[in-house]
Amino acid sequence: MSDWTQKLKVQHLRLLVCIGEQGNLSKVAEIMNITQPALSKWLSSLEEDIGLTLFERHSKGLRPSEGGRLMLEHARRLLNDLERSREDIEQFKLGAQGSLLIGCSPVATDCVSLALLSLIKDYPNVHVQVVENVMTPLLQSLISGKVDVVVGRVGGKALQLPLNYRVLYTEPVCFVGRCNHPLATRDKISWQDLLEYRWIVWPTGTPIRVSIDNALVDQGVMLPENYLESSSMSVTVNMVQASDIVSILSWRLAQRYVEKGQLAMLPLPRIEQKGSVGVFWRKDNAPSDALLRFLAHLTSTSAEPENADNSNARQ
């Protein structure tokens with residue numbers, strides 16, 4: 001059998017990805033400016049060379065087979081790597097000391113910010129891009145090569161992915177409200193007190209939501225019927241600050257907002273459904289110097305608040 005990889009060109013990778021996205025050869029032929037018979041002949045020839053059916057035919061078009069999904073994963077990664085190469089070369093010509101694309105979930109913005117401040121002292125001309133999102137799409141972007149590293153909640157199926165990971169810290173979650181929230185002035189509140197207000201929480205399935213759902217089960221209570229869901233930290237904080245809505249944050253992040261006078265931590269005991277924040281990076285790529293230094297700074301800055309708390313406790 002011939003080595004089919006020797007025949008592949010960049011345009012072929014784009015064709016594969018387009019077929020995977022559209023699931024219809026007529027649409028792909030129109031988008032990619034190729035005749036449908038030529039496209040169909042090329043796809044059949046590729047499947048024959050590989051010895052694998054990449055797309056299964058059904059009444060509504062095509063869908064990737066299990067092998068096709070694997071092929072599409074590699075095609076997307078190769079295209080992303082090419083695009084990244086183009087961007088890196090352009091940045092290098094402008095004097096950049098390498099580049100780093102960081103995926104960050106809202107819960108990890110504080111430790112990522114501190115690590116970046118340290119990184120740019122080491123590499124003043126490094127080109128950095130930060131993308132904020134929830135973990136599932138961020139990890140997909142990491143696998144496909146769109147980002148170099150992801151920092152966020154460790155949980156769910158994340159640890160089953162073919163990625164390196166390191167736990168940075170573990171902590172409980174807590175309730176927050178606006179600084180002059182009616183519950184913020186009390187010495188103690190109950191779950192029933194909280195249920196009298198509307199909640200805004202992370203979407204179902206996210207690690208922090210799993211933590212709060214487990215805590216509610218332990219306490220024998222349920223979410224209020226009129227609760228809101230938001231994966232945007234900015235939207236959540238703005239709504240909490242402008243109303244009597246309450247929300248749930250990791251203790252460390254909530255403490256940051258309290259120190260800045262932006263939110264109040266409500267006097268319900270910390271929810272001991274602990275959540276871990278960690279960092280993920282690919283196994284199949286040797287980490288760059290910038291990534292290695294960023295990982296080191298993440299580990300260092302993530303440990304500082306805990307060490308400070310312990311130090312204060314001993315004084």
Side-chain angles (χ1 to χ4, degrees), residues 4-5 8 10 12-23 46 50 52 54-56 62-88 98-109 111-112 115-116 127-168 202-210 231 275-295 298-299:
W4 54 270
T5 62
L8 276 181
V10 174
H12 296 154
L13 298 174
R14 295 194 175 106
L15 283 173
L16 274 173
V17 171
C18 194
I19 294 172
E21 292 173 348
Q22 299 297 325
L46 176 63
I50 296 176
L52 196 65
L54 299 177
F55 295 93
E56 298 168 348
L62 304 175
R63 57 170 167 253
S65 64
E66 186 174 347
R69 287 193 292 272
L70 178 62
M71 185 68 184
L72 285 170
E73 179 183 314
H74 285 286
R76 291 189 180 101
R77 186 182 303 172
L78 288 168
L79 289 174
N80 288 332
D81 285 346
L82 284 171
E83 176 62 19
R84 178 66 179 278
S85 297
R86 184 189 64 79
E87 294 174 355
D88 282 356
S99 65
L100 192 61
L101 273 62
I102 301 168
C104 174
S105 76
V107 73
T109 52
C111 63
V112 168
L116 276 179
H127 180 247
V128 175
Q129 290 179 265
V130 180
V131 178
E132 184 175 326
N133 206 335
V134 293
M135 286 299 284
T136 298
L138 285 178
L139 291 172
Q140 290 172 348
S141 293
L142 178 60
I143 290 173
S144 66
K146 289 184 178 180
V147 298
D148 299 316
V149 60
V150 167
V151 189
R153 286 275 175 186
V154 177
K157 298 180 179 179
L159 301 184
Q160 301 174 18
L161 297 173
L163 298 168
N164 293 311
Y165 78 94
R166 178 186 302 163
V167 173
L168 298 172
W202 294 98
T204 301
T206 54
I208 193 170
R209 176 65 181 275
V210 171
S231 59
S276 297
V277 171
V279 56
F280 297 80
W281 68 100
R282 288 192 299 277
K283 289 183 176 180
D284 57 355
N285 282 39
S288 66
D289 290 343
L291 176 54
L292 288 173
R293 193 64 62 88
F294 177 70
L295 293 173
L298 266 180
T299 301

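Keep in mind that the numbers below use all heavy atoms, side chains included, and drop hydrogens, waters and symmetry copies.
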key: Heavy-atom closest pair, residues F294 and A115   = CE1-CB, 3.7 Å
inquiry  = As an exercise, state the distance from CG of L79 to CG of L13, rounded to the nearest 0.5 Å.
reply    = 5.0 Å
inquiry  = For R63, give me all partners under side chain to side chain contact (heavy atoms under 4.5 Å, CB included), at least two apart in sequence or on another chain.
reply    = E56, H58
message = Could you work out, with side chain to side chain contact (heavy atoms under 4.5 Å, CB included) as the rule, every residue matching V130, not counting sequence neighbours?
response = I102, C104, L116, V128
inquiry  = Measuring from atom OG of S231 to atom CG of N133, what distance do you get when rounded to the nearest 0.5 angstrom?
reply    = 6.5 Å
note = Shortest non-hydrogen pair, D148 vs R282, comes out as OD1-NH2, 4.1 Å
ask   = What closest approach, in Å, do L292 and P287 show between heavy atoms, and which atom pair accounts for it?
value = CD2-CG, 3.6 Å
message = Is any side-chain heavy atom of V149 closer than 4.5 Å to one of F280?
response = no
request  = Could you walk me through whether W281 and L163 pass the side-chain contact (heavy atoms from CB on, under 4.5 Å) test, one step at a time?
outcome  = CA-CA 6 Å; W281 68 100; L163 298 168; over 6 Å; no
query = Tell me, do V10 and L82 make a side-chain contact under 4.5 Å, heavy atoms counted?
reply = yes
ask   = If you measure from CZ on R209 to OG1 on T204, what distance do you get to the nearest 0.5 Å?
value = 3.5 Å
task = Report the C-alpha distance between V167 and V279 in whole Å, list the side-chain angles of each, state the deciding distance to 0.1 Å, and finish with yes or no for side-chain contact (heavy atoms from CB on, under 4.5 Å).
result = CA-CA 7 Å; V167 173; V279 56; over 6 Å; no
key: From L16 atom CG to L8 atom CG, the distance as rounded to the nearest 0.5 Å   = 7.0 Å
Gap between atom NZ of K146 and atom CG of N80 - 0.5 Å precision = 5.5 Å
note = Heavy atoms of A108 and V277 approach each other most closely as CB-CG1, 4.2 Å
Throw together a table of side-chain donor-acceptor distances under 3.5 angstrom for residues 68-77, partners on residues two or more places apart or in other chains.
unit_1, atom_1, unit_2, atom_2, d
R69, NH1, P64, O, 3.4
E73, OE2, R77, NH2, 3.4
R77, NE, I143, O, 3.0
R77, NH1, D284, OD2, 2.4
R77, NH2, I143, O, 3.1

remark   = CG (L161) and CD (Q140) are apart, to the nearest 0.5 Å, by 9.0 Å
query = Any idea which heavy atoms bring A290 and L100 closest together, and the distance?
reply = O-CD2, 4.2 Å
ask   = Heavy-atom distance under 4.5 Å between the side chains of L168 and V151, does that happen here?
value = yes
Stepwise side-chain contact (heavy atoms from CB on, under 4.5 Å) test for L295 and R166 = CA-CA 9 Å; L295 293 173; R166 178 186 302 163; 3.9 Å; yes
message = Take a 6.0 Å sphere around CD of E66 and say whether it holds more than 12 heavy atoms from other residues, nucleotides or ligands.
response = no
ask   = How about R153 and S105: does a side-chain donor come under 3.5 Å of a side-chain acceptor?
value = no
request  = Return the minimal non-hydrogen interatomic distance between T109 and P106, and the atom names on each side.
outcome  = OG1-O, 3.2 Å
